[in-house]
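For reference, the structure is listed below as structure tokens.
Naming: A, B, ... by sequence-line order, numbering from 1 per chain.
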Protein chains: 2
Amino acid sequence: MKLDPRHLEILAAIVDHAGLTEGAEALGKSQPSVSRTLSQLEARIGAPLFQPGRRPLQPTELGRALADQGRAVLKAGQTSSDIVARYLTGHTGLVRVGGTPFFMDGVISGMIALFQQQMSDVRVDQSYGYAAELIEKLRNGTLDLAILPLQQNSVPKDLAFQPILAGLNVIACRRDHPLARKKFVTPGEMGQYSWIAPPADSPLYKDLRRALKNLGAEEFRISFSGGSLASVIEVLSESDSLTVLPYSVVFMMRDRSAITALSLEIGHPEREQGLLMANERDQTPAVRRFRSFVVSQFDSLSRRIAKQQTDRLWR
Amino acid sequence: MKLDPRHLEILAAIVDHAGLTEGAEALGKSQPSVSRTLSQLEARIGAPLFQPGRRPLQPTELGRALADQGRAVLKAGQTSSDIVARYLTGHTGLVRVGGTPFFMDGVISGMIALFQQQMSDVRVDQSYGYAAELIEKLRNGTLDLAILPLQQNSVPKDLAFQPILAGLNVIACRRDHPLARKKFVTPGEMGQYSWIAPPADSPLYKDLRRALKNLGAEEFRISFSGGSLASVIEVLSESDSLTVLPYSVVFMMRDRSAITALSLEIGHPEREQGLLMANERDQTPAVRRFRSFVVSQFDSLSRRIAKQQTDRLWR
DNA sequence: CCAGCTTCATAACACAATGCTATATTGCAC
DNA sequence: GTGCAATATAGCATTGTGTTATGAAGCTGG
């Protein structure tokens, strides 16, 4: 005997509210509707679910047992609704975010931590990669959001790009570095220090080469390479090495580690750090919420950076 | 967002069987049916429940979570079916059975115990009473089955009576009683013994009075009254008292206690022990099953009694 | 990389079930 | 009994389910 779970729900409501009318009210249905459903149910089962001709309505032993099951159905339905509601408001779900390693480690991961203080049920899958791979992953749907520096004119037409920060890279060194205090640094001065090389396929590495070329330094010595941000910062702050880092990374690290940026513009293309994503319409609510969170974080970060710049000018 | 529990069931089936076709099969539905239901569900929620364009079908995190709930619904439905099935086959339910005290205690309760060895989930509510009360209870629906001695012509027309045993009452005494061995007992012989009186409103008491009157003994001495069967048997077997009991009670007690019946017919109306009940059509399956069990038990009991009678003749 | 297979989606339609309002019936209390 | 409140029934519009037939799409093996 296959029973309709909705009928069990209705039975449970009737039993729990001790009456057809009140049960119907609780379910948001009309009294005749639940009355008929109850009749049908009893007819199908072939046994009364309530003591006949007794008011207030009192369930049969069988009715009580089935109402228990109906209660389970009701509960499942309720938690289903909750699950969906949490999902639709972005309080639940999965965000797959990828980006350039140093930026992710230096800037984004902190924001993720902050985000998850509010949205503890949103799972974040972080991955690392550069433009080509990230774009590929966005296209085949294995990534929701890419965070990377991009030139405005090189944004793929099938993807949306939302700038969040000027993509400024700088030369970084330890705070006590001999060059750190100089208002102007010449290429010659840099020549005597060794370099920490970012991964060879990274934009940073290209920027490093280009910068040195622009500054006239054809040759440069590499003392360390292949490390992730933590290693690079460590080596950087314990040696006189130099390296290229996004300015925002240096900025975020300024309190936690003893590094700083040289007062030296390195010429690189006009890029912007930004969020690259597929069609915004099929983003999950969690992704949207995460995205807007990140955007607002960068908004405040930009202001903090701007404020610090003016402070430095005044200094 | 209110979701149809049936949709959750279907979702669970699809997830569990890793496929729409197999899920449909498991549910006993056509593939297009579940396909459309799934589409509807996704449309209403506004989010995909399965990774789009991936085969084998793989659920979204959301889909998985909702499938869990669907599984709960499925389980509730299954146990509901079980509950109904057990009820319909009479393996579950309530049997309210009432009858004359001595017969219930001496004969029926043992059968109830036997019945419940097979039907452990059938609850039996036993009560005591005589014809008038039992009939009243049957009529107002607070009793399913009455077990009592009745003359065929005094069966209420609105009730059904099923005879199960000859309603023979006898005079009982302890097995070592001086009168026990006599083939023929005279009223005079009985006059010297005191009597244990059944409840004053019981048929047995009427029979006792009538019997003694028929036998010519106008006066009789009552030494004990008001006890239930256990007390009566106790007093009976420890004294020379006599009493009136249904023969079947004496028969059932013959191994457990040292009592027996006098070889003496006491004239009483032609009654039969039997089952009195309201319309058989609205009996619950458990009642029917209990009834048929009792009937079969009495069938075998009748045979055992008959056999013992012939044995006694041969002896 | 294409043929062929399997799986899923769509279409069209019959029919059962749900929902409603209006109204009759019934149980209970005074 | 009368009146009140609760439940049942009737009639009708709408939705949903189920079916078969058929089209589209992903996977697999040569």
- prompt: Using a distance-only test with no angle check, is there a side-chain donor-acceptor pair under 3.5 angstrom linking A:Arg291 and A:Gln162?
  reply: yes
- request: Indicate whether any N or O donor in one side chain lies under 3.5 Å from an N or O acceptor in the other, for A:Gln31 and A:Thr21.
  value: no
message: When you measure from the side-chain N and O atoms of B:Ser35 to the phosphate of C:dC8, is any distance below 4.0 Å, counting only OP1 and OP2?
response: no
- prompt: At under 4.0 Å between heavy atoms, what does A:Pro56 touch on the DNA or RNA strands: base, sugar-phosphate, or nothing?
  reply: nothing
query: With the threshold set at 4.0 Å, does a side-chain nitrogen-carboxylate oxygen contact exist between B:Arg36 and B:Glu42?
result: no
message: D:dG16, OP1 or OP2 - any side-chain N/O from B:His7 closer than 4.0 Å?
response: no
- request: Would you mind checking if A:Arg86 and A:Asp82 are paired as a salt bridge, meaning a charged N to carboxylate O distance below 4.0 Å?
  value: no
task: For D:dG16, take OP1 and OP2 only and decide whether either is under 4.0 Å from a side-chain N or O of B:Arg44.
output: yes
field: B:Ile10 CD1 to D:dT17 P, straight-line distance once rounded to whole Å
entry: 7 Å
task: State whether A:Ser33 places a side-chain N or O below 4.0 Å from either non-bridging phosphate oxygen (OP1 or OP2) of C:dT18.
output: no
- prompt: So which one's nearest nucleotide on DNA chain C is more toward 5', A:Lys29 or B:Thr21?
  reply: B:Thr21
query: Within the modelled atom types, does a donor on one side and an acceptor on the other bring the side chain of B:Arg36 and the base of D:dG18 under 3.5 Å apart?
result: yes
message: Ignoring hydrogens and geometry beyond distance, is the side chain of B:Gln31 in donor-acceptor contact with the base of C:dA9 at under 3.5 Å?
response: yes
query: Heavy atoms under 4.0 Å, any strand shown: does B:Arg6 hit a base, just sugar-phosphate, or nothing?
result: sugar-phosphate
